[in-house]
Amino acid sequence: MPTDPGRYVPVNTSVLLQTLVEAVHEQVEERRATRALIQTPPALDADHVLVGDNDPAIERALRVCGYLARVVEVDLFEPAQAHAPWVVERVTAASAGAEDQAEAVAALCGELARAEPIGKPSPDDPQAMSWQVPGPGGHVRHHVARRAIEEVLRGRETPVEGDPADLKRAWMYGFFVRTCEEALPHEAALPSRDG
């Protein structure tokens, strides 16, 4: 059956992407401003450093942004409410050599964040696990991460060490922590503490 071309409105994908990125970013910033009310898992505070900046507060802020971005995705997009099917298997494998589940999640999320491309990831790149989590996809997440980096670095007097784009790893780490947290069975949920 032929479709009526008059029923569709042409969409500028760059405008749509920008609108989507800003919508997610604004909600993340609202939640970050009231973060004292949010429970965060210990894995978010893991002791390893993903970026070589001399200010750990930047990495911490970006981890929180990535974590909250996944929370916002689940609230905004119905497809994002599905769990990533690969998470339980990967956490189980990581748990084999770990003292506890939070340590296993931290190790796995560090590995995933380091492997994720710093540039805009291709959907067929096996290292781009941002495409393997249900929701708006790796391109949207890349741009939301870049927007968060811009926000966190705003007003900073001294430049960060290295390329600011590398800070995406910290954002991805937080994103993957939340992805793991939501996909684990209730009885194996990550212990939480006040953020």
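Atom set for the values below is all heavy atoms of this structure, side chains included, hydrogens, waters and symmetry mates excluded.
- Considering all non-hydrogen atoms of both residues, Cys65 and Val152 come closest at SG-CG2, 4.3 Å.
- Every pair tested for salt bridge (charged side-chain N to carboxylate O under 4.0 Å, His left out) that includes a residue from residues 126-137 fails, sequence neighbours excluded, so the list is empty.
- The shortest non-hydrogen separation linking Val105 to Cys180 is CG1-CB, 4.0 Å.
- For residues 120-135, the pairs satisfying side-chain hydrogen bond (donor to acceptor under 3.5 Å, both in side chains) are Glu116-Ser130, Ser122-Asp124, with sequence neighbours left out.
- Within the structure, ring pair (Phe, Tyr, Trp, His ring centres under 6.0 Å) contacts touching residues 146-172 (residues at least two apart or in different chains) are Trp171-Phe175.
- A search for side-chain contact (heavy atoms from CB on, under 4.5 Å) contacts involving Ala84 returns Trp86, Val87, Val133, Pro134, Thr179, not counting sequence neighbours.
- Side-chain N or O atoms of His143 include none that pairs as donor or acceptor with a backbone N or O of Gln18 at under 3.5 Å.
- Of all the heavy atoms in Ile58 and Leu153, the pair that sits closest is CD1-CD2, 3.8 Å.
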Listed pairs under 3.5 Å, donor-acceptor, residues 72-81 side chains, sequence neighbours left out:
residue, atom, partner, partner atom, Å
Glu73, OE1, Arg70, NH1, 2.7
Glu73, OE1, Arg141, NE, 3.3
Glu73, OE1, Arg141, NH2, 2.8
Glu73, OE2, Arg141, NE, 2.8
Asp75, OD2, Arg31, NH1, 3.2
Asp75, OD2, Arg31, NH2, 2.7
Gln81, NE2, Val74, O, 3.2

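- Every residue two or more places apart in sequence or in another chain that forms a side chain to side chain donor-acceptor pair (under 3.5 Å) with His142 is listed here: Lys168.
- Met172 is not listed as a side-chain neighbour of Cys109, based on a closest heavy-atom distance of 4.5 Å or more.
- The side chain to side chain donor-acceptor pair (under 3.5 Å) check on Glu150 picks up Arg147, with sequence neighbours excluded.
- Not counting sequence neighbours, Arg146 has no partner by the side chain to side chain donor-acceptor pair (under 3.5 Å) test.
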Please report the C-alpha distance between Glu151 and Arg32 in whole Å, then the side-chain angles of each, then the deciding distance to 0.1 Å, and finally whether the salt bridge (charged side-chain N to carboxylate O under 4.0 Å, His left out) criterion is met.
CA-CA 12 Å; Glu151 188 69 34; Arg32 196 162 70 106; 5.5 Å; no

